[in-house]
> 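Once you've had a glance at the structure underneath, I'll fire off some questions.
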Amino acid sequence: MPSYHPAAIEPRWQDYWLKNKTFRTPDPEAGGAGKPKYYILDMFPYPSGAGLHVGHPEGYTATDILARYKRMRGFAVMHPMGWDAFGLPAEQYAIETGTHPRVTTEKNINTFRRQIQMLGFSYDWDREVDTTDPNYFRWTQWIFLLLHDTWFDAAAKKGRPIAELPIPAEVKSQGEAAVRKYRDSKRLAYQAEVPVNWCSALGTVLANEEVIDGRSERGGHPVVRLPLRQWMLRITDYADRLLEDLDTVDWPASIQEMQRNWIGRSEGAEVDFTALLPGGGERTLRVFTTRPDTLFGATYMVLAPEHPLVPDLTTGNQMPAVTTYRDQASRKSDFERTELAQEKTGVFTGSYAVNPVNGKQVPIWIADYVLAGYGTGAIMAVPAHDERDHAFAVKFNLPIVQVVSPQDGAKIAEGAAFCEPGLARNSGFLDGLKTPEAKSRMIDWLEKETKGTRKVNYKLRDWLFSRQRYWGEPFPLLHEIGADGEPTGRIEPLDRAELPLKLPVLDDYKPSGRPEPPLGKATDWVEVQRDGTTWRRELNTMPQWAGSCWYYLRYLDPKNDQAFCDPAKENYWMPVDLYVGGAEHAVLHLLYSRFWHKVLFDRGHVKTAEPFKRLVNQGMILGEMEYTAFKNPAGAWVQPNQRDKEGVEAVRLNEDQVEKKGDSFVLKADPGIKVDARANKMSKSRGNVINPDEVVKDYGADSLRLYEMFMGPLEATKPWSMRGVEGVYRFLSRVWRVFMDDRAEEMKLNPQVTAGAPDAETLRALHQTIKRVTEDLDHMRFNTAIAAMMEYTNHLTPLASKPRAALEPFVLLLAPFAPHLAEELWRALGHAETLAYESWPSFDPALLVASTIEIPVQVNGKLRSKLVVAPDTAKEELEKMALADPKVQENLAGRAPKKVIVVPGKLVNVVG
RNA sequence: GCUGGAGUGGCGGAAUGGCAGACGCAGCGGACUUAAAAUCCGCCGAUGGGUGACUAUCGUGGGGGUUCGAGUCCCCUCUCCAGCACCA
């Protein structure tokens, strides 16, 4: 083995670790107990057909380094990996190629596993989980049944068994069917006829979170609204707890904020208006408002087009306009409603309602700026103090009455709404009150008059939990079929012992293009005879998020067939101490997981209220820096701001064709022309995707790992640079040469490696390095830890004698980062065993101190001289030396020093 | 528009309120070599002065402030990135 050759070293150690089960994690009762535990989790990947990209190993390397470090620090480390393998792409691919999703999924998993193992991660492969494995989704179904068996006790703020749900006497008196119906209406998993996001291209409904700008998150297909019977999960019941408990976790502020915004709690009141029906009679029209203090300024009302009272409230001559408007609105996607509807639209119903506070009649309109799904689907419009209402009132010439004035007496801008808090006016008993007091006074009045109540609303909606697809978990539920062949509405869960309910084998799993699930085609599977009754299985499947909601628990006990996880193991390992993954899961996966976890917590199956104690988001890795200039059709260079003009062509440039001028880059050949310099997201279409396989082939896994960590802080977005990979490869080669004789034919230590004692300077450098690497690891500052090791290597390289005592601890420091190389060097140094459980080197603070140090001396804050002194030189001594310094004298130019600041060991500043 | 984050050499990035630019890349010079690659050694923010060791001034997006001292703290402002966006 002459020189550093990762391709020869790395597969050998990967085999060694696998064969010896080096990273098998003992269960607590089998020797893990006694050690402190550390659960370090990666977001498991969806095994796509494209294979691993360089974004995956970024987070995985960070966690792997910490896992290896923590093991060496004596922790029992849980560090598992698995596959989030249900979901649309596998099914799409299956439809296109006629291959069963099971087959492609298995193939993709094998590719991912091979690629991940190729990077030398220290996962315990005996704990691998796969969400599509019946032994796994058996428990996903089990947890679904638990949700189905749970109702939310609002008083106790806690989920409880449905058997404990109090049944009102009048329901009980109506018999068993009524009781069942009542129970079904309170379960955390319930059915509802809801307008859903139907995507005909994908053949499924999507959750709100999966729809971006009116198009599907996957594939970008158009999405329309359609009413459909769906399974829902009552996540809104947990909104308050999901919000409050954010304060108990150590997560990035941005993610916490995104979750808070998503939950969107707002406090206000529900107010009942009396709507006067055109044909005579009255109806209660309930609205939600956060500004009950402005009730006197409510000059009209607006209902969502879908509001159920609209038909009753529409007068004969308004009917055609209202019908047309509702029709248009129903066909519009959310995208068209929001993006294209900057201009307010709406239609008058012809009816009026009575404002409860002043008895005035106000017109009732419908408009699509009011959303059916939020609050009550109706608003009281206060155009003077709400921008949207103001814009609508101006457009349709509705009255605007000001009922709040700015507290400082400032004038309200002409033609704008005043939305800040202020002082109430034109508001009867509220006049003169500040907005917060006015709000609560108004609510008190409403409650006394039984015309309204205090109310909290959330943007968060219940979670649409069913999909009309094949490749997902089947619902373990049976629908009773009556003698007429129609469902009776009675639903029974499968017995827990009947789980898992496997997917039927289907030749044709194509979506029909209509909202009927493909599982309906498996007629044998669908119909079940039981107790002399015919039952039909639920045909929907669960969404992809289901399996990922609880996988971190299954790792703890992946083979258990009695429970999703042994409580003793859960108790030992949970919570997850560190969870690393991309920010794209900020709201979806992380909110759903927290919700499920809280239900498990309420029902006594887990011991912690939150699953993930600490969360870190790795930043995105962009492609290489690109320099682009632009040419017009005549072939002349133009400025980048002309890029969108017709016929202008982008030209990729090399680094040496451009130069920096001022703030921007310009063409070297024509410095008047600016050049666009930026790194872009990696994408197939852009052709800037880096394949980890290639990098490993050319430089080895250790170089890839090290480079991804050396690029910059883990959380930062940063551009890829192949030259940077080469740089860390050179570093590893240099490390190799410090230890090994690279001229020798066979594996042989560098003859400079000696048994002698390190000199004082080397010892100090070593202990300095141990300190820096240790502290940097504790703070996840991988880039600076690597820099410290580079500096130490630079120190070792020129030494003619390289003492083992200075080398061995360094191998251990390097091991978490470049484990293959470190194992190889450890072996070469004569150790027979893996270094994975060697104890982490410690540093001696006494050895960190240099015999002399340099103290900068400033005059009036500017560096003028330096003193070379013993580290413990006293303050007075330093002051004396500084004042005596010729440079200081010169810069004082004869002035007497007014003040001398001395920070011992740090600096002297003479003010004169 | 709202929220969160970031602006430091040619590039990626370092800096408990105390020597700005650690470490790496690129570049330049040298050694080794018949030569190249690899490797090793040195230089490497800008401007001015000096043959030179050196030296002066400026310099962390921009403007103000606090401080003996600010990349770091405070106020204002600009730009970029990410997320949300008619949620009453």
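Within every chain, numbering begins at 1; the chains are lettered A, B, ... in the order of the sequence lines, protein sequences first and strands thereafter.
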> Please confirm whether the shortest side-chain N or O distance from A:R730 to OP1 or OP2 of B:rC23 is below 4.0 Å.
no
> How many whole angstroms separate atom CD of A:E257 from atom C1' of B:rC84?
11 Å
> Between B:rG10, B:rU16, B:rG12, which one does the side chain of A:K906 approach most closely?
B:rU16
> We want to know whether A:K802 and A:Q752 form a side-chain donor-acceptor pair, criterion being a heavy-atom distance below 3.5 angstrom.
yes
> Would you mind classifying the nucleic acid contact of A:D389 as base, sugar-phosphate or nothing, using non-hydrogen atoms under 4.0 angstrom?
nothing
> Is the shortest side-chain heavy-atom distance between A:M722 and A:V695 below 4.5 Å?
yes
> May I ask you to verify if any side-chain N or O of A:K718 is less than 4.0 angstrom from the OP1 or OP2 atom of B:rG12?
no
> Report the residue (A:A787 or A:P713) whose heavy-atom-nearest nucleotide on RNA chain B is the more 5′ of the two.
A:P713
> Write down the distance between CD (A:E715) and P (B:rG4), rounded to a whole number of angstrom.
18 Å
> Looking just at side-chain N and O atoms, do A:E624 and A:N688 make a donor-acceptor pair shorter than 3.5 Å?
no
> Between B:rU34 and B:rC28, how far apart are the C1' atoms? Round to whole Å, please.
25 Å
> Does the side chain of A:D885 pick up a donor-acceptor pair with the side chain of A:S865 at under 3.5 Å?
yes
> Kindly point out which of B:rG18, B:rG24, B:rC40 is positioned nearest to the side chain of A:F710?
B:rG24
> Among the nucleotides B:rG10, B:rC68, B:rA88, which one has an atom lying closest to any side-chain atom of A:K660?
B:rG10
> Look at A:E879 together with A:K875 and state whether they make a salt bridge at an N to O cut-off of under 4.0 Å.
no
> Using a 4.0 Å heavy-atom cut-off, write out nucleotides 27-33 of chain B from 5' to 3' as B (base contacted by protein), S (sugar-phosphate only) or - (no contact).
-------
> Does A:T784 have a side-chain nitrogen or oxygen under 4.0 Å from the phosphate oxygens OP1 or OP2 of B:rA22?
no
> Can you tell me which nucleotide in B:rG18, B:rC23, B:rA26 comes closest to the side chain of A:N794?
B:rC23
> Atom OH of A:Y627 and atom C1' of B:rC11: how far apart are they, to the nearest Å?
6 Å
> Considering only the C1' atoms, how many Å lie between B:rA14 and B:rG24, rounded to the nearest integer?
11 Å
> Quick one: look up who B:rG83 pairs with, Watson-Crick or G-U, both distances under 3.5 Å, and put none if it's unpaired.
B:rC2
> What integer number of Å spans the P atoms of B:rG5 and B:rU55?
43 Å
> Any side-chain heavy atom of A:Y699 sitting closer than 4.5 Å to one from A:E726?
yes
> Could you check if the base of B:rG49 is syn or anti? Syn means the glycosidic torsion is within 90 degrees of 0.
anti
> Applying a 3.5 Å limit to both distances, which nucleotide forms a Watson-Crick or G-U wobble pair with B:rC32?
none
> Name the closest nucleotide to the A:M258 side chain, picking from B:rA88, B:rG83, B:rC40.
B:rG83
> Quick one: look up who B:rU67 pairs with, Watson-Crick or G-U, both distances under 3.5 Å, and put none if it's unpaired.
none
> Which nucleotide wins on minimum distance to the side chain of A:D368, given the candidates B:rC11, B:rC86, B:rC81?
B:rC86
> Would one find a side-chain N or O of A:N261 under 4.0 angstrom from OP1 or OP2 of B:rA85?
no
> Would you mind classifying the nucleic acid contact of A:R772 as base, sugar-phosphate or nothing, using non-hydrogen atoms under 4.0 angstrom?
nothing
> With the side chain of A:M625 defined as its heavy atoms from C-beta on, choose the nearest nucleotide among B:rC11, B:rC19, B:rC40.
B:rC11
> Quick one: the side chain of A:K898 and the base of B:rC68, do they pair up donor-acceptor inside 3.5 Å?
no
> Does B:rA22 have a Watson-Crick or wobble partner in any strand here, with both distances under 3.5 angstrom, and which is it?
none
> Mind calculating the distance between NE2 (A:H307) and P (B:rA88) to the nearest angstrom?
17 Å
> Within the 4.0 Å heavy-atom criterion, would you say A:R678 contacts the bases, only the backbone, or no part of the nucleic acid?
sugar-phosphate
> Got A:Y4 and A:Y729 here, is their nearest side-chain heavy-atom distance under 4.5 Å?
yes
> Classify A:S266 by what it touches in the nucleic acid, base, sugar-phosphate, or nothing, heavy-atom distance under 4.0 Å.
sugar-phosphate
> Between B:rG24, B:rU3, B:rU55, which nucleotide has the shortest distance from any of its atoms to the side chain of A:K887?
B:rU55
> Quick one: do A:R723 and A:E655 make a salt bridge, cutoff under 4.0 Å?
yes
> I'd like the P distance from B:rU77 over to B:rG9, given in whole Å.
25 Å
> Who does B:rU72 pair with, Watson-Crick or G-U, both distances under 3.5 Å?
none
> Between B:rG17 and B:rG71, how far apart are the two P atoms, rounded to whole Å?
13 Å
> Can you tell whether the side chains of A:R286 and A:D272 come within less than 4.0 Å, N to carboxylate O?
yes
> To the closest 0.5 Å, what do you measure between OH (A:Y792) and CE (A:M789)?
12.5 Å
> Can you check the A:R265 CZ to B:rC84 C1' distance for me, whole Å?
20 Å
> For the P atoms, the ones on B:rA26 and on B:rC19, what distance do you get once it is rounded to whole angstrom?
30 Å
> Using a cut-off of 4.0 Å on non-hydrogen atoms, how would the nucleic acid contact of A:G264 be classed: base, sugar-phosphate, or nothing?
nothing
> Answer yes or no: does a side-chain N or O of A:Y369 lie under 4.0 Å from OP1 or OP2 of B:rA88?
no
> If B:rG7 has a Watson-Crick or G-U wobble mate with both distances under 3.5 Å, name it; if not, just say none.
B:rC78
> Can you tell me the Watson-Crick or wobble partner of B:rU47, both distances under 3.5 angstrom?
B:rA56
> Indicate whether OP1 or OP2 belonging to B:rA82 is found under 4.0 Å from a side-chain N or O atom of A:N617.
no
> If you assign A:T290 and A:Q858 each to the RNA chain B nucleotide with the nearest heavy atom, which residue ends up on the more 5' nucleotide?
A:Q858
> What's the closest nucleotide to the side chain of A:K459 if the choices are B:rA82, B:rA22, B:rC84?
B:rC84
> Looking for any heavy atom pair under 4.0 Å, which part of the strands does A:P252 touch: base, sugar-phosphate only, or nothing?
nothing
> Side chain of A:K344 only, please: which of B:rC23, B:rA14, B:rC86 is the nearest?
B:rC86
> Please classify the nucleic acid contact of A:S721 as base, sugar-phosphate, or nothing, using heavy-atom distances under 4.0 Å.
nothing
> For A:R734, report the nucleic acid contact type (base, sugar-phosphate, nothing); a contact means any heavy atom under 4.0 Å.
sugar-phosphate
> For the residue pair A:F782 and A:F817, does the interplanar ring angle fall in the parallel (under 30°), tilted (30 to 60°) or perpendicular (over 60°) class?
perpendicular
> Determine the Euclidean distance between corresponding C1' atoms of B:rC81 and B:rC44; express it in Å to zero decimal places.
31 Å
> How many Å lie between CG on A:L732 and P on B:rG24, as a whole number?
13 Å
> Hey, which of A:I364, A:V357, A:L295 is the one that makes side-chain contact (heavy atoms from CB on, under 4.5 Å) with A:F273?
A:L295
> How far does the C1' atom of B:rG21 sit from the matching atom of B:rC11, given to the nearest Å?
13 Å
